[in-house]
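Just so it is clear, the model here is predicted, and its values are computed rather than measured.
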Amino acid sequence: MTYTCKQTFLPASKYSIKAPYSMVPQYITVHNTANDAPAANEIAYMINNNNQVSYHVAVDDKEVIQSIPFNRNAWHCGDGGGSTDPNASMKGNRISIGIEICYSKSGGVRYGVAEENAVQYIAKLLKQYDWGIERVKKHQDWNSKYCPHRILTENRWNSFLKRIEEAMNPKEIGKPTEKDDDKMQFSNETTKAAVRDYIKKAVDKGKIDKSWLDKFDAGTMTGGDFEG
């Protein structure tokens with residue numbers, strides 16, 4: 001699975017509402033959006049309203065969109081103005097990067113792919129900052145809100161963290177041949193099952209031939225095939 005990284009930044013004129021403080025990030029905070037809007041809609045809505053609610057990044061099944069620079073705070077943890085002291089109880093808003101994972105209300109294949117994109121993106125950020133997995137927090141850790149709701153309801157927080165760790169240190173299975181290089185690869189069975197379900201539904205509705213499902217099951221489907 002691949003995603004496109006984009007930047008659609010909050011205007012500086014709205015910093016006083018959405019991102020009033022300078023920040024040295026020390027954590028990453030994971031959220032579920034609790035609706036079914038794509039990342040572009042989430043970012044547009046956040047930018048255009050005047051509520052003191054904001055986040056740095058939104059992730060869906062196709063895009064990772066950053067809206068607030070990581071050297072500015074955002075209001076996403078519900079723990080008030082807080083402190084920049086790592087030992088203080090109220091600090092999530094002041095020292096963590098807020099990441100929203102889209103499509104969590106209904107779940108399904110779009111959410112499965114969005115979550116996998118978030119796994120890969122968070123792994124990339126951890127490596128960029130030279131951080132360990134202990135730097136990844138749930139919204140719930142800061143103010144007890146039941147968020148990220150889908151990951152918590154499905155009891156997958158620990159496995160979510162494990163997937164990030166695996167993405168940071170991928171196992172070398174041997175160099176793929178040029179022919180195999182574009183074959184679809186999945187870091188976990190949840191995402192693979194969600195994609196298979198998506199293809200099967202298309203077959204059942206007569207949108208595509210069953211041979212595509214057979215190709216997926218045989219492990220010969222490429223990313224280009226799936227995009228088609």
**Q** Would you call Arg94 and Asp79 a salt bridge, using N to O less than 4.0 angstrom?
**A** no
**Q** Please identify which of these residues, Asn48, Asn50, Asn49, meets the side-chain hydrogen bond (donor to acceptor under 3.5 Å, both in side chains) condition with Lys14.
**A** Asn50
**Q** Quick one: CD on Glu134 to CG on Leu161, what's the gap to the nearest 0.5 Å?
**A** 10.5 Å
**Q** Does any non-hydrogen side-chain atom of Asn73 lie less than 4.5 Å from one of Pro20?
**A** yes
**Q** Looking at Lys62, I want to see if its NZ is surrounded by more than 12 non-hydrogen atoms of other residues, nucleotides or ligands under 6.0 Å.
**A** no
**Q** What is the minimum heavy-atom distance between Val136 and Leu126, and which atoms define it?
**A** CG2-CD1, 3.8 Å
**Q** Decide whether Ile47 and Phe70 are clustered together by the hydrophobic rule: side chain heavy atoms of Ile, Leu, Val, Met, Phe, Trp, Tyr closer than 4.5 Å, transitively.
**A** no
**Q** Less than 4.0 Å between a side-chain N and a carboxylate O, is that true for Lys201 and Asp204?
**A** no
**Q** Quick check: are there more than 12 heavy atoms from other residues, nucleotides or ligands sitting under 6.0 Å from CG of Asp130?
**A** no
**Q** Is any side-chain heavy atom of Val195 less than 4.5 Å from a side-chain heavy atom of Val109?
**A** yes
**Q** If I take atom CD from residue Glu166 and atom CD from residue Gln120, how far apart are they, to the nearest 0.5 angstrom?
**A** 10.5 Å
**Q** Main chain of Lys215, side chain of Thr220: is a donor-acceptor contact present, judged purely on distance under 3.5 Å?
**A** yes
**Q** Specify the closest pair of heavy atoms between His149 and Ser104, including all atoms of both residues, with the distance to one decimal.
**A** NE2-OG, 2.8 Å
**Q** Taking the side chain as every heavy atom from C-beta outward, state whether Asn143 and His139 have any atom pair closer than 4.5 Å.
**A** yes
**Q** If you compare all heavy atoms of Arg72 against all heavy atoms of Ala19, which two are closest, and at what distance to 0.1 Å?
**A** NH2-O, 2.8 Å
**Q** Is there a path of hydrophobic side-chain contacts, each under 4.5 Å between heavy atoms of I, L, V, M, F, W or Y residues, that connects Tyr129 with Val64?
**A** yes
**Q** Judged by atom type as modelled, is there a donor-acceptor pair below 3.5 Å linking the side chain of His56 to the main-chain atoms of Ile28?
**A** no
**Q** Restricting to non-hydrogen atoms, name the atom on Ser54 and the atom on Trp75 that form the minimum distance, rounded to 0.1 Å.
**A** OG-N, 2.8 Å
**Q** Check salt bridge (charged side-chain N to carboxylate O under 4.0 Å, His left out) between Glu154 and all other residues, then give those that pass, not counting sequence neighbours.
**A** Arg150, Arg156
**Q** For the residue pair Ser211 / Asp209, report whether a side-chain donor-acceptor contact shorter than 3.5 Å exists.
**A** yes
**Q** For a 4.5 angstrom cut-off between non-hydrogen side-chain atoms, does Ser67 reach Glu42?
**A** no
**Q** Between Val57 and Tyr111, is there a shared hydrophobic cluster once you connect ILVMFWY residues whose side-chain heavy atoms come closer than 4.5 Å?
**A** yes
**Q** So, do Arg110 and Asp36 sit near enough that their side-chain heavy atoms are less than 4.5 Å apart?
**A** yes
**Q** Could you tell me the separation between the CD1 atom of Ile17 and the CD atom of Gln52, rounded to the nearest 0.5 Å?
**A** 7.5 Å
**Q** Evaluate the side-chain proximity of Ile99 to Val30: yes if any heavy-atom separation is below 4.5 Å, no if none is.
**A** no
**Q** Asn93 and Tyr21: side-chain donor and acceptor closer than 3.5 Å?
**A** no
**Q** Taking everything shown except Phe9 itself, do over 12 heavy atoms lie less than 6.0 Å from its CZ?
**A** yes
**Q** Using the ring-ring contact (aromatic ring centres under 6.0 Å, His included) criterion, which residues pair with Tyr146? Sequence neighbours excluded.
**A** none
**Q** With a 4.5 Å cut-off on side-chain heavy atoms, are Tyr27 and Asp141 touching?
**A** no
**Q** When hydrophobic residues are tied together by side-chain contacts of less than 4.5 Å, even through go-betweens, does Ile101 share a cluster with Ile65?
**A** no
**Q** Quick check: does any side chain N or O of Asp60 sit under 3.5 Å from a backbone N or O of Ala39, one acting as donor and the other as acceptor?
**A** yes
**Q** Given Tyr55, which of Thr33, Ile97, Ile43 fulfils the side-chain contact (heavy atoms from CB on, under 4.5 Å) condition?
**A** Ile43
**Q** Who pairs with Lys210 by side-chain contact (heavy atoms from CB on, under 4.5 Å), at least two apart in sequence or on another chain?
**A** Val203, Asp214
**Q** About how many Å separate NZ of Lys200 and CG of Leu213, when rounded to the nearest 0.5 Å?
**A** 7.5 Å
**Q** Please answer whether the main-chain N or O of Val53 pairs with a side-chain N or O of Lys18 as donor and acceptor at a distance below 3.5 Å.
**A** yes
**Q** Can you tell me how far NE2 of His31 sits from SG of Cys102, rounded to the nearest 0.5 angstrom?
**A** 12.0 Å
**Q** List the atom of Cys77, the atom of Trp142, and the distance in Å for their closest heavy-atom pair.
**A** SG-CD1, 3.2 Å
**Q** Heavy atoms only: give me the nearest Cys5-Lys124 pair and the separation to one decimal.
**A** SG-NZ, 4.4 Å
**Q** Rounded to the nearest 0.5 Å, what separates atom CE in Met46 from atom CD1 in Ile68?
**A** 4.5 Å
**Q** Transitively linked via ILVMFWY side-chain contacts under 4.5 Å: Leu125 with Trp157?
**A** yes
**Q** Would you say Glu115 and Asn32 make side-chain contact, with heavy atoms under 4.5 Å?
**A** no
